[in-house]
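Inspection log for the structure reproduced underneath, given as structure tokens.
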Amino acid sequence: MTSKYKIKVGIIGGSGLNNPNFFKDEKELDIITPFGKPSDVLISGKIENVDCVLLARHGRQHTISPTNVNYRANIWALKMAGCTHVIASSASGSLQEEIKPGDMVVVDSFIDRTTKRNSSFYDGTVDAAKGVCHIPMEPAFCNKTRQIMIKAAQDLGIAVHTSGTSVSIEGPRFSSRAESNLYRSWGVHLVNMTLVPEVVLAKEAGLCYAVVAMATDYDCWRISEEGVNVCDVLKTFKENVEKITKLFLKVVPKIAEENWDETIDSLKASVESSVMLPQTKK
Ligand SMILES: CSC[C@H]1O[C@H](OP(=O)(O)O)[C@H](O)[C@@H]1O
Ligand SMILES: Nc1ncnc2[nH]cnc12
């Protein structure tokens, strides 16, 4: 389909998807951004002839904690690599009975309970991000990309929840039972440690961004559960990782079939209209 944008898809692999084998011919890109180094090299390659780059959110050896991930460098690096889209995975705790471990959720909103993160490019340090940016967060995720993800999951027979709110906590500790119940009382569906500020920065960067969350545990609100631990999280993720890899392999070519001119133009316009430039004195 003719489009003014050359589609390139960034794939951010979260916990359990640190080093997936998506590409036949891959190349490592060692990128440094004005915000520092991303979590690891970018791996570039193609999925069915569509240009892609892969980035391990916590590094390929999973050495970077959720707090210490350089989210700004990660998103900026994907933008520098020419990505128009970013699809990401997130291992998440379920806060609702009907979201069972192993289920996928294509999240559509978030609550921010992080405390130690840079969540804007626009902090006066970089010329390319001049001014103060008050980016709108509705819609937080790219709806068109989300719908492609949902349809692809349904076609693959994956148990997928078509919407959901996820609360991002600072971590690296898991929530207390009181916190877990508080989030449930807010009607939240999932808990994670990385969605924020990734989603915010992707929006500031004008990227079509969508996340598939995999419920790996019931967090600790559920009386019948012992609570969450990292071994169980990774065990459930491993048992279900094939679903996410199949999903991404199906989503990428579907993205490339669409015309994104209107979506990308509107994301760009949203950023432009959100930036307040320094006032010049009269
Ligand atoms: C490994 S348990 C907690 C850890 O897992 C999730 O990571 P990601 O979102 O990168 O898949 C969660 O957000 C925590 O960072
Ligand atoms: N219960 C949980 N809380 C926060 N992050 C998680 N990632 C996976 N399970 C989680």
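Note that ligands are numbered from 1 as they come in the structure, with each ligand's atoms numbered from 1 the same way. Fair warning: this is a prediction, and the values are worked out from it, not measured in the lab.
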Go ahead and list the nitrogen or oxygen contacts between ligand 1 and the protein that come in under 3.5 Å, distances to 0.1 Å, or just say none.
from     : atom 1 : to     : atom 2 : distance (Å)
ligand 1 : 5 (O)  : Ser15  : OG     : 3.0
ligand 1 : 7 (O)  : Ser15  : OG     : 2.8
ligand 1 : 9 (O)  : Arg57  : NH1    : 3.4
ligand 1 : 9 (O)  : Ser90  : OG     : 2.9
ligand 1 : 9 (O)  : Thr194 : OG1    : 2.6
ligand 1 : 10 (O) : Ser15  : N      : 3.4
ligand 1 : 10 (O) : Arg57  : NH1    : 2.8
ligand 1 : 10 (O) : His58  : NE2    : 2.5
ligand 1 : 11 (O) : Ser15  : N      : 2.9
ligand 1 : 11 (O) : Ala91  : N      : 2.8
ligand 1 : 13 (O) : Met193 : N      : 2.7

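Aromatic rings of Tyr5 and Trp260 (six-membered ring for Trp) have centroids beyond the 6.0 Å cut-off, not under it.
With sequence neighbours excluded, the residues satisfying side-chain hydrogen bond (donor to acceptor under 3.5 Å, both in side chains) with Lys246 are Glu242. Legend: residues meeting side-chain hydrogen bond (donor to acceptor under 3.5 Å, both in side chains) with Ser39, ordered by chain and number and at least two apart, are Asn74.
Taking the side chain as every heavy atom from C-beta outward, Tyr122 and Val132 never approach each other to under 4.5 Å. Inter-residue side-chain proximity for Glu258 and Thr263 is flagged as unmet; no heavy-atom pair is nearer than 4.5 Å.
Between Arg60 and Glu28, at least one side-chain N (NZ, or NE/NH1/NH2) sits under 4.0 Å from a carboxylate O, which counts as a salt bridge. The pair Lys130-Asp127 meets the salt-bridge criterion, with a side-chain N (NZ, NE, NH1 or NH2) lying under 4.0 Å from an Asp/Glu carboxylate O. A salt bridge does not link Asp40 with Arg57: every distance from a Lys NZ or Arg NE/NH1/NH2 to an Asp or Glu carboxylate oxygen is 4.0 Å or more. Arg177 has no carboxylate O lying under 4.0 Å from a charged side-chain N of Asp219, or vice versa, which leaves the two without a salt bridge.
The 4.0 Å heavy-atom shell around ligand 2 contains residues Ala91, Ser92, Gly93, Phe174, Val191, Asn192, Met193, Thr216, Asp217, Asp219, Val228, Val233, ordered by chain and number.
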